[in-house]
Peer 1: 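Can you keep this structure in mind? I'll have questions shortly.
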Number of protein chains: 2
Amino acid sequence: MSEMLEERCEDPCEGTLTNSIELLKSEMIPDSTASGLADIFKALGDPTRVKIIYALAQKELCVHDLTQVLDMGQSAISHQLRYLRNLRIVKRRKEGKTVFYSLDDEHVEQIFHQMLQHVKHA
Amino acid sequence: MSEMLEERCEDPCEGTLTNSIELLKSEMIPDSTASGLADIFKALGDPTRVKIIYALAQKELCVHDLTQVLDMGQSAISHQLRYLRNLRIVKRRKEGKTVFYSLDDEHVEQIFHQMLQHVKHA
DNA sequence: CCATCACATGAGCAATTGTTCATATATTGA
DNA sequence: TCAATATATGAACAATTGCTCATGTGATGG
């Protein structure tokens, strides 16, 4: 019944009907979900990590390869790989001294390419 | 033919065949594209902005509404809306004193929801 | 015109981020 | 065992970020 009660009370600015806002508020995304979502997007929100993911989408590569392809220091690459690995976006495979990295989340990879097309088409 | 030439030359660590790396390097994503891609992902990579986008995906809302739904200060919301507007993720519509915001990029909205499902299903 | 409301914006500040530097760990071959 | 190679990691530091506070702008009604 209270859904029918529209219009302002005493205070100004309802924007939209106040009850509707209460409803929206109750159906809001949980904080933990919002943070989890933000964490993955944040991982994709850096040029270096974008390049790493782009390169790994072509083929599995070791750390040294990535330093060549991105023309960056080994330490910087390693730090970013750890970052991406913590979020299960990339995975490792050891072979003797060298460690090969590859993408570990097909869905994220798919979304990455969708956004890439979107940006290129802009 | 050079694709058949595997194995190391004089210097150590090829990871993968050296020529293959040169090829990859030449087919690498341009810096500007990587930055543009990172910029959009970065915009989605913050819990506050995630919540704003989630709310606006339900319906058009004014700034005051968003402060209620997110339980945050008006200034913080305004700053984030400007951020999102600069990237054309949201758009404005003025009606008297109040300004209504809504999503302005269906593709980004679609990707947002895909990632949301992915995170919830994790 | 003036007060009020809705929103925008600049400055400032603490927190986070991405890189470099130095060093640690691990694997291999002599 | 020792040296070399491949990668990982901690500390440090500059740059960026997201918020708050104070104030500015623009529209409305009295």
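In what follows, chains are A, B, ... by sequence order, proteins preceding strands, each numbered from 1. None of these values were measured; they are calculated from a predicted model.
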Peer 1: Let me know the distance between NZ of B:K42 and P of C:dT17, rounded to the nearest Å.
Peer 2: 12 Å

Peer 1: Would you say A:Q80 places a side-chain N or O within less than 4.0 Å of OP1 or OP2 belonging to C:dT19?
Peer 2: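 Yes, A:Q80 has a side-chain N/O under 4.0 Å of OP1/OP2 on C:dT19.
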
Peer 1: B:R49 CZ to D:dT16 C1': how many Å, rounded?
Peer 2: 12 Å

Peer 1: Within this structure, what is the CG-to-C1' distance between B:L81 and D:dG18, rounded to whole angstrom?
Peer 2: 14 Å

Peer 1: Between A:D105 and A:K91, is there a side-chain N and carboxylate O pair less than 4.0 Å apart?
Peer 2: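 The answer is no: the pair does not qualify as a salt bridge.
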
Peer 1: Is the ring of B:H79 stacked on the base of C:dT9, with centres less than 5.5 Å apart and planes under 30° off?
Peer 2: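 Stacking between B:H79 and C:dT9: present.
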
Peer 1: Calculate the interatomic distance between B:F100 atom CZ and C:dC7 atom C1'; express it in whole Å.
Peer 2: 13 Å

Peer 1: Starting at the 5' end of DNA chain C, which residue's closest nucleotide do you reach first, A:G45 or A:Q74?
Peer 2: A:G45

Peer 1: Ignoring backbone atoms, test whether B:K97 places a side-chain nitrogen or oxygen under 4.0 Å from the OP1 or OP2 oxygen of C:dT4.
Peer 2: no

Peer 1: Let me know the distance between CG of A:L44 and C1' of C:dG18, rounded to the nearest Å.
Peer 2: 16 Å

Peer 1: Tell me: CZ of B:F41 to C1' of C:dT17, nearest whole Å?
Peer 2: 19 Å

Peer 1: With a 4.5 Å heavy-atom cut-off, do A:L44 and A:V108 have their side chains touching?
Peer 2: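 A:L44 vs A:V108: side chains touch.
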
Peer 1: Please report the distance, rounded to the nearest Å, between CD1 in B:I77 and P in C:dT9.
Peer 2: 15 Å

Peer 1: Does a side-chain N or O from A:R82 land closer than 4.0 Å to OP1 or OP2 of D:dT7, or not?
Peer 2: no

Peer 1: Between the side chains of B:K25 and B:E27, is the shortest nitrogen-to-carboxylate-oxygen separation below 4.0 Å, so that they form an ion pair?
Peer 2: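 B:K25 and B:E27: not salt-bridged.
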
Peer 1: Would A:K51 and B:D31 pass as an ion pair if we require N to O under 4.0 Å?
Peer 2: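 Answer for the salt bridge query: yes.
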
Peer 1: 5'-most contact on DNA chain C: A:S75 or A:D46, nearest heavy atom basis?
Peer 2: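 So the residue in question is A:D46.
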
Peer 1: Can you measure B:Y83 atom OH to C:dC7 atom C1' for me and round it to whole angstrom units?
Peer 2: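 Rounded to the whole Å, the gap is 21 Å.
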
Peer 1: Kindly say whether B:L81 contributes a backbone atom to a donor-acceptor pair with the side chain of B:R92 at under 3.5 angstrom?
Peer 2: no

Peer 1: Can you figure out which of C:dT19, D:dA8, D:dC19 approaches the side chain of A:M72 most closely?
Peer 2: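 The answer is C:dT19, which lies nearest to the side chain.
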
Peer 1: Where the side chain of A:K94 is defined as all heavy atoms beyond and including C-beta, which of D:dT7, C:dC7, C:dA26 is the nearest nucleotide?
Peer 2: C:dA26

Peer 1: Name the nucleic acid region contacted by B:R85, choosing base, sugar-phosphate or nothing; use a 4.0 angstrom heavy-atom cut-off, strictly under.
Peer 2: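 No contact.
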
